[in-house]
Every structure is written in C-alpha cells, then in structure tokens.
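As structure tokens, the structure follows; a few thoughts come after it.
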Amino acid sequence: MLAIISAVLFFIAFLINAADISTNATFSSTNVMLIGLALLALHVAGIGAGWSTRGRRR
C-alpha cells in the first residue's frame with residue numbers, strides 16, 4: 001500500500017517538475033519526492049505490509 005502511494009507521489013512530483021508549475025514551498029516537487037521516498041523506505045522496511053500470520057508451525 002505504501003509503495004503505491006509513493007509511486008503516485010513520484011508521479012505528482014514528476015508532473016510538477018515537467019510542467020514547471022509554480023507551487024508554494026510546501027508542495028514543491030522536491031518535497032513531494034522526499035515524502036514519496038520516505039513512504040517507499042517504510043514499505044521496504046516492512047511497515048504497512050499487512051498482518052503477518054503467526055500460527056503454529058507444522
């Protein structure tokens with residue numbers, strides 16, 4: 001889930017950068033890209049991956 005959100009944020013950052021849209025400092029393409037990188041790092045670390053089944057081993 002976090003990987004999908006980060007991919008969407010990367011696409012938004014690309015559109016802001018490619019279209020040369022002037023935004024305020026909060027929503028600049030660099031800040032959106034950094035938020036996407038943080039979400040991708042959380043995904044790789046295993047956070048947001050869902051419930052793990054910890055049942056009995058057979």
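These numbers come from a predicted model, not from an experiment. Only this structure's heavy atoms are used, side chains among them; waters, hydrogens and symmetry mates stay out.
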Subject >> Nearest-0.5 Å distance that lies between atom CG in Leu39 and atom CG in Leu34 >> reply: 11.0 Å
**OP:** Give the cluster check for Ile12 versus Leu42: same hydrophobic cluster or not, with ILVMFWY residues linked at side-chain heavy-atom distances below 4.5 Å.
**Re:** yes
Subject >> Interatomic distance, Ile35 atom CD1 to Phe10 atom CZ [nearest 0.5 angstrom] >> reply: 11.0 Å
Original post:
Looking at CG of Leu9 and CD1 of Ile16, how far apart are the two atoms once the value is rounded to the nearest 0.5 Å?
Top reply: 9.5 Å
**OP:** State plainly whether one hydrophobic cluster holds both Val8 and Ile47, where clusters connect Ile, Leu, Val, Met, Phe, Trp and Tyr through side-chain heavy atoms under 4.5 angstrom apart.
**Re:** yes
Original post:
What heavy-atom pair brings Ser6 and Gly36 nearest, and what distance separates the two atoms?
Top reply: CB-O, 3.2 Å
Subject >> Minimal non-hydrogen separation, Met33 against Ala13, with atom names >> reply: N-CB, 4.0 Å
**OP:** Could you list the residues that satisfy side-chain contact (heavy atoms from CB on, under 4.5 Å) with Leu15, not counting sequence neighbours?
**Re:** Phe11
